[in-house]
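Report on the structure given below.
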Amino acid sequence: MRYSQYYIPTLREIPADAELASHKLMLRAGMIRKSSAGIYSFLPLAQRVLKKIIRIVEEEMDRAGGMQVLLPIVQPAEIWKQSGRWDVYGEEMFRLQDRHQRDFCLGPTHEEMITTLIKNEVRSYRELPLRIYQIQNKYRDEIRPRFGVMRAREFIMKDLYSFDRDEEGLNRSYQAMYEAYERIFTRCGLAFRAVEADSGAIGGDVSHEFMVLAPSGEAVILYCEACAYAANDEKASAALPPVTMEELLPLEKVATPGQATVPEVTAFLGVNPDRLIKTLFYQTDEEFIAVLVRGDDELNEIKLGNLINKPYRLASPEELAAKLELPVGYVGPVGLKDKGVKVLADLRVKTMKNAVCGANLEDYHLRHVNLERDFTVDTYADLRLAKAGDPCPHCGHPLAETRGVEVGHIFKLGTKYSKALGATFRDEDGEEKPFIMGCYGIGITRIIAAAIEQNNDQDGIKWPLPIAPFQVTILALGVEQQAVAEEIYQELTAAGVEVLYDDRDERPGVKFKDADLIGIPLRLTVGPKSMAQGEVEVKIRRSGEELRWPRPEVTSRVLAFLKEENQRHSN
RNA sequence: CGGGGCGUGGCUCAGCUUGGUAGAGCGUUCGGUUCGGGACCGAAAGGUCGCAAGUUCAAAUCUUGUCGCCCCGACCA
């Protein structure tokens with residue numbers, strides 16, 4: 001490709017409304033332009049990268065038994081109402097009506113669509129398993145789109161849906177996808193980690209996220225350096241501390257005027273936060289729920305939500321005062337039963353002895369509070385937010401924390417959608433059974449951002465070879481060099497190399513700057529100095545390494561370089 | 001949804017406090033000189049000052065509304 005005939009509108013100045021390196025660089029390298037919040041046009045360079053990523057994904061999906069289809073983006077409300085998600089998805093769904101006022105949405109995902117399709121087509125266990133995928137635009141009206149294509153409202157996603165006749169089949173499908181994902185992200189040249197995850201609004205039980213490790217990532221990951229354990233912060237758990245032997249002291253009420261928060265109370269009473277029982281009040285439609293966590297812990301609302309399993313919200317101080325006569329800041333579990341409040345507690349509360357908590361009386365706390373003797377708990381569960389330093393739930397080694405960009409997420413859905421939508425097949429035993437489903441997503445457009453986030457420097461992007469828009473760029477510094485550059489361009493192109501030949505009538509500085517910004521892995525410079533010696537200058541973008549190759553060897557050396565680089569990313 | 005900020009040539013921004021001829025740099029076009037890390041000189045084109053209403057003799061500037069965009073937060077007692 002000749003640069004002079006190609007369109008790469010690079011920007012010299014940094015766009016004002018970009019925050020993240022990847023966002024800035026995609027704008028500056030002339031890859032994307034914003035249309036409206038979270039909605040972007042992809043220019044030629046970005047399109048080339050997209051195609052490369054899609055190609056890799058397609059190859060690995062096909063290899064793992066996937067079949068590609070194209071599904072409607074405009075989806076009827078009906079199927080969403082059947083699955084119950086028309087309401088659950090809420091504001092995040094782009095909704096529209098046709099001329100007959102029939103409701104539709106722009107598909108945020110395709111479980112309903114695919115399940116409905118399969119329901120009408122597949123009758124027998126003999127046709128299973130099925131692994132069907134699509135790579136298409138999806139739409140989510142995010143509360144706050146940000147970071148360019150990282151969190152966009154219109155984005156490209158690959159989703160594969162597996163249909164199996166039983167759990168074993170699902171496990172095989174899941175495993176096949178897990179392995180395919182590892183291959184895909186490795187081939188894209190990304191440093192990533194698979195972590196255990198909460199399955200969220202999609203539903204189902206087992207779930208893994210694939211995280212591209214980057215400090216700017218929105219997701220927090222806790223992982224063990226000693227074993228394979230890794231989970232996102234919504235899901236992560238920790239081993240319990242040992243139960244201490246301690247004599248139970250008599251319950252005591254102490255005045256703590258004006259001391260309402262954990263730091264205040266612990267400072268005032270001279271105890272550590274791990275001695276405190278923090279009591280939070282939530283409310284469902286029917287009842288108040290008190291949730292107990294240790295004073296140095298934070299409640300994980302995702303875990304709480306999974307336990308309660310119905311809509312809930314934090315109760316307001318006014319409600320507590322009015323309906324339960326409880327003063328916020330001085331609340332505790334003792335005596336709550338009498339008020340008809342259900343009490344949930346984090347597992348760690350079980351190990352606490354002689355604890356401190358609010359006395360349910362303004363300006364008073366209780367000390368030497370003990371479980372069973374002074375209060376009881378209806379249900380114990382892991383409800384706390386795990387944090388760095390906690391013992392690993394598998395091996396006890398302290399957990400470490402890092403951040404990542406979620407580029408893939410796989411779920412075992414089970415029968416959630418097949419049951420809701422009545423998608424069944426006739427099994428070998430003659431029984432009509434719902435399909436056992438799994439779904440497996442990859443944020444294609446997000447991979448671009450994640451890859452840049454992980455591979456850039458102050459000069460620009462450093463593309464991993466397998467997803468680089470071009471493999472090699474040739475700079476002809478002056479008019480005298482054009483003949484030679486042209487020759488090399490022809491040679492490499494004939495050899496099947498993807499070349500961006502910078503034949504523009506620009507000063508060398510401009511060409512160097514643009515080459516660095518666009519980030520093509522291998523740069524060949526034909527300039528007066530080296531040409532006089534019958535050589536070509538070579539710079540490897542990734543390492544910054546500079547070399548000189550004799551002119552006649554250029555093509556063979558380029559091919560050798562590409563081969564070696566590609567092997568580095570293969571598996 | 002709450003809070004904050006910003007909308008002025010393609011881009012980055014100044015001008016607004018104190019109303020009176022709309023500016024700079026970059027980019028673009030033309031001419032010339034340059035030519036190894038975003039050149040220099042000269043000339044030129046290019047703006048309903050987001051939109052609407054109001055105040056005023058007069059509004060980019062003041063007021064109100066509205067739309068868009070960016071950032072932070074969304075309750076842990």
Side-chain angles (χ1 to χ4, degrees), chain A residues 9-20 23-24 27-28 30 33-40 90-91 143-148 151 153 256 258-266 273 276-283 290-304 312-321 324 326-333 346 356-360 362-363 365 383-385 387 458-460 475-481 502 504-518 523 525-532 537 539 544 546:
Chain A
T10 57
L11 301 177
R12 183 178 300 216
E13 294 184 83
I14 300 169
D17 53 9
E19 190 92 337
L20 233 53
H23 187 193
K24 286 180 197 161
L27 287 165
R28 286 195 57 211
R33 290 293 183 260
K34 184 169 69 182
S35 162
S36 55
I39 299 179
Y40 291 85
E91 301 279 280
I143 303 178
R144 188 139 91 86
R146 55 185 135 177
F147 306 142
R151 180 168 292 281
R153 297 194 295 170
T256 51
Q259 315 296 312
T261 66
V262 171
E264 285 166 3
V265 174
T266 52
L276 220 72
I277 296 174
K278 204 152 66 171
T279 309
L280 309 172
F281 284 90
Y282 284 82
Q283 200 180 8
V291 184
L292 313 182
V293 294
R294 223 167 70 173
D296 57 340
D297 283 338
E298 298 290 330
L299 174 67
N300 182 331
E301 283 199 343
I302 304 280
K303 291 179 181 174
L304 179 64
Y312 70 96
R313 59 185 173 79
L314 198 69
S316 73
E318 292 73 30
E319 283 171 323
L320 288 182
L324 297 175
L326 289 173
V328 164
Y330 304 94
V331 292
D346 177 62
V356 171
C357 68
N360 293 331
E362 183 127 23
D363 291 336
H365 277 77
L383 291 174
R384 68 187 279 277
L385 208 54
K387 55 196 178 214
Q458 65 283 0
D459 294 321
L475 311 194
L477 291 196
V479 187
E480 293 75 27
Q481 287 81 43
D502 194 345
R504 292 176 300 169
D505 182 19
E506 287 286 354
R507 300 165 61 82
V510 173
K511 295 188 177 187
F512 286 130
K513 288 290 185 189
D514 275 340
D516 285 346
L517 180 58
I518 295 167
R523 184 184 83 194
T525 307
V526 186
K529 294 176 193 165
S530 49
M531 201 171 78
E537 294 156 60
K539 184 168 180 183
E546 296 189 42

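All heavy atoms count here, side chains included; hydrogens, waters and symmetry mates do not. Residue numbering restarts at 1 for every chain, and letters A, B, ... go by the order of the sequence lines.
Across the protein-nucleic acid pair, A:Leu326 atom CG and B:C76 atom P stand 17 Å apart, rounded to whole Å. In this structure, the CZ atom of A:Arg151 is 12 Å from the P atom of B:C72, given to the nearest Å. Between the CD atom of A:Glu19 and the P atom of B:G5 there is a distance of 17 Å, rounded to whole Å. The CZ-P distance, from A:Arg146 to B:G68, rounds to 19 Å in whole Å. For A:Arg294 and B:C76, the CZ to C1' distance is 16 Å, given to the nearest whole Å. In this entry the distance linking CD1 of A:Ile302 with P of B:A74 reads 14 Å, nearest Å. A:Ile39 has its CD1 atom 11 Å from the P atom of B:C70, to the nearest Å. For A:Lys34 and B:C6, the NZ to C1' distance is 12 Å, given to the nearest whole Å.
Between B:A44 and B:C6, the distance separating the two C1' atoms is 32 Å to the nearest Å. The same atom, P, is picked in B:G38 and in B:A45; the two are 30 Å apart, to the nearest Å. Separation of the C1' atoms belonging to B:A59 and B:U21 is 15 Å when rounded to the nearest angstrom. Atom name C1', nucleotides B:A58 and B:C71: the rounded distance is 37 Å, in whole Å. Nucleotides B:G47 and B:G7 have their C1' atoms positioned 14 Å apart, rounded to a whole Å. Here, B:G20 and B:G15 have their P atoms 14 Å apart, quoted to the whole Å. Taking atom C1' on both nucleotides, B:G50 is separated from B:C70 by 15 Å, rounded to a whole Å. Spacing of C1' atoms, B:G9 relative to B:A22, comes out at 11 Å, to the nearest Å.
Counting all heavy atoms, side chain and backbone alike, A:Glu506 lies closest to A:Lys511 at O-CE, 3.6 Å. The two residues A:Gly332 and A:Asn360 have their closest heavy-atom pair at N-OD1, 2.8 Å.
Rounding to the nearest 0.5 angstrom, the gap separating the CZ atom in A:Arg12 from the NZ atom in A:Lys513 is 10.0 Å. For the atom pair A:Leu304 CG and A:Leu385 CG, the distance stands at 12.0 Å (nearest 0.5 Å).
A 3.5 Å limit on both hydrogen-bonding distances identifies B:G54 as the Watson-Crick or G-U partner of B:C62. Across all strands shown, B:A14 forms no Watson-Crick or G-U wobble pair with both distances under 3.5 Å. Applying the Watson-Crick and G-U wobble criteria (two distances, each under 3.5 Å), B:U21 pairs with nothing in any strand. Across all strands shown, nothing is found opposite B:G37 as a Watson-Crick or G-U wobble partner with both distances under 3.5 Å. For B:C49, there is no paired base (Watson-Crick or G-U wobble, both distances below 3.5 Å). In this structure B:A74 sits in no base pair that meets the Watson-Crick or G-U test at under 3.5 Å. Using the Watson-Crick or G-U wobble rule with both distances under 3.5 Å, B:U28 pairs with B:A44.
Of the two residues near RNA chain B, A:His23 and A:Leu314, the one whose nearest nucleotide lies more 5' is A:His23. Taking the nucleotide of RNA chain B with the nearest heavy atom to each of A:Glu13 and A:Gly38, the more 5' of the two is matched to A:Glu13.
Base orientation of B:U21: syn (glycosidic angle within 90° of 0).
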Review point. Could you go step by step and tell me if A:Asp502 and A:Phe512 meet the side-chain contact (heavy atoms from CB on, under 4.5 Å) rule?
Key: CA-CA 10 Å; A:Asp502 194 345; A:Phe512 286 130; over 6 Å; no
**Study point:** Pair A:Asp514-A:Arg504, side-chain contact (heavy atoms from CB on, under 4.5 Å): steps then yes or no
**Key:** CA-CA 11 Å; A:Asp514 275 340; A:Arg504 292 176 300 169; 3.1 Å; yes
Review point. Given A:Arg33 and A:Leu27, is the side-chain contact (heavy atoms from CB on, under 4.5 Å) satisfied, shown in steps?
Key: CA-CA 6 Å; A:Arg33 290 293 183 260; A:Leu27 287 165; 4.2 Å; yes
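Inter-residue side-chain proximity for A:Glu298 and A:Val293 is flagged as unmet; no heavy-atom pair is nearer than 4.5 Å.
Between the A:Lys539 side chain and the A:Thr525 main chain, no donor and acceptor come within less than 3.5 Å of each other.
Among the protein residues, A:Ala290 comes within range of no part of the nucleic acid, since none of its heavy atoms lies under 4.0 Å from any strand. Residue contacts for A:Ser36: at a heavy-atom cut-off of 4.0 Å it reaches the sugar-phosphate backbone alone, with no base atom in range.
Listed pair A:Arg384 / B:C76 fails the phosphate criterion, with no side-chain N or O lying under 4.0 Å from OP1 or OP2.
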Practice item. Sugar-phosphate means primed atoms, P, OP1 and OP2; the rest is base. With that split, encode nucleotides 34-42 of chain B 5' to 3' as B, S or - using protein heavy atoms under 4.0 Å. Key: BSBBBB---
